[in-house]
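What follows is one structure encoded as structure tokens, with my remarks underneath.
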Amino acid sequence: MRLIDADAMNEELFYKQVGGKDSLITAESAFKMIDAQPTAYDVEAVVEQLDTYITKLVGRNAALYQTVMQIVKGGGN
């Protein structure tokens, strides 16, 4: 699962509906548009920043470090 920018998706759907040839969008074209959307949340970039910051505070072996990394990598689950 990944997060996408809903505003960008709505803009693209609006363009397809108003500016395109057809007023109907097929499920296949909707799936393609969703797949083409950039990820709104870059997990690896967040992990890298947290790694740098938390390592300076408590070190990588601390429970805080381990817990935060599990939460971020797991998407909050």
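Atom set for the values below is all heavy atoms of this structure, side chains included, hydrogens, waters and symmetry mates excluded.
- In this structure, the separation between CD on Glu28 and NZ on Lys32 is 4.0 Å, given to the nearest 0.5 Å.
- Applying the side-chain contact (heavy atoms from CB on, under 4.5 Å) test to Val43 and every residue at least two apart in sequence or in another chain returns Tyr41, Val47, Val72.
- Rounding to the nearest 0.5 Å gives a distance of 8.0 Å between CG of Leu64 and CG of Leu57.
- Among residues at least two apart or in separate chains, salt bridge (charged side-chain N to carboxylate O under 4.0 Å, His left out) pairs with a member in residues 47-59 are Asp51-Arg60.
- The environment of CG in Asn10 is crowded: more than 12 heavy-atom neighbours from other residues, nucleotides or ligands sit within 6.0 Å.
- Not counting sequence neighbours, the partners of Ala8 by the side-chain contact (heavy atoms from CB on, under 4.5 Å) test are Asp5, Gln37.
- Residues forming a side-chain contact (heavy atoms from CB on, under 4.5 Å) with Glu44 (at least two apart in sequence, or on another chain): Asp42.
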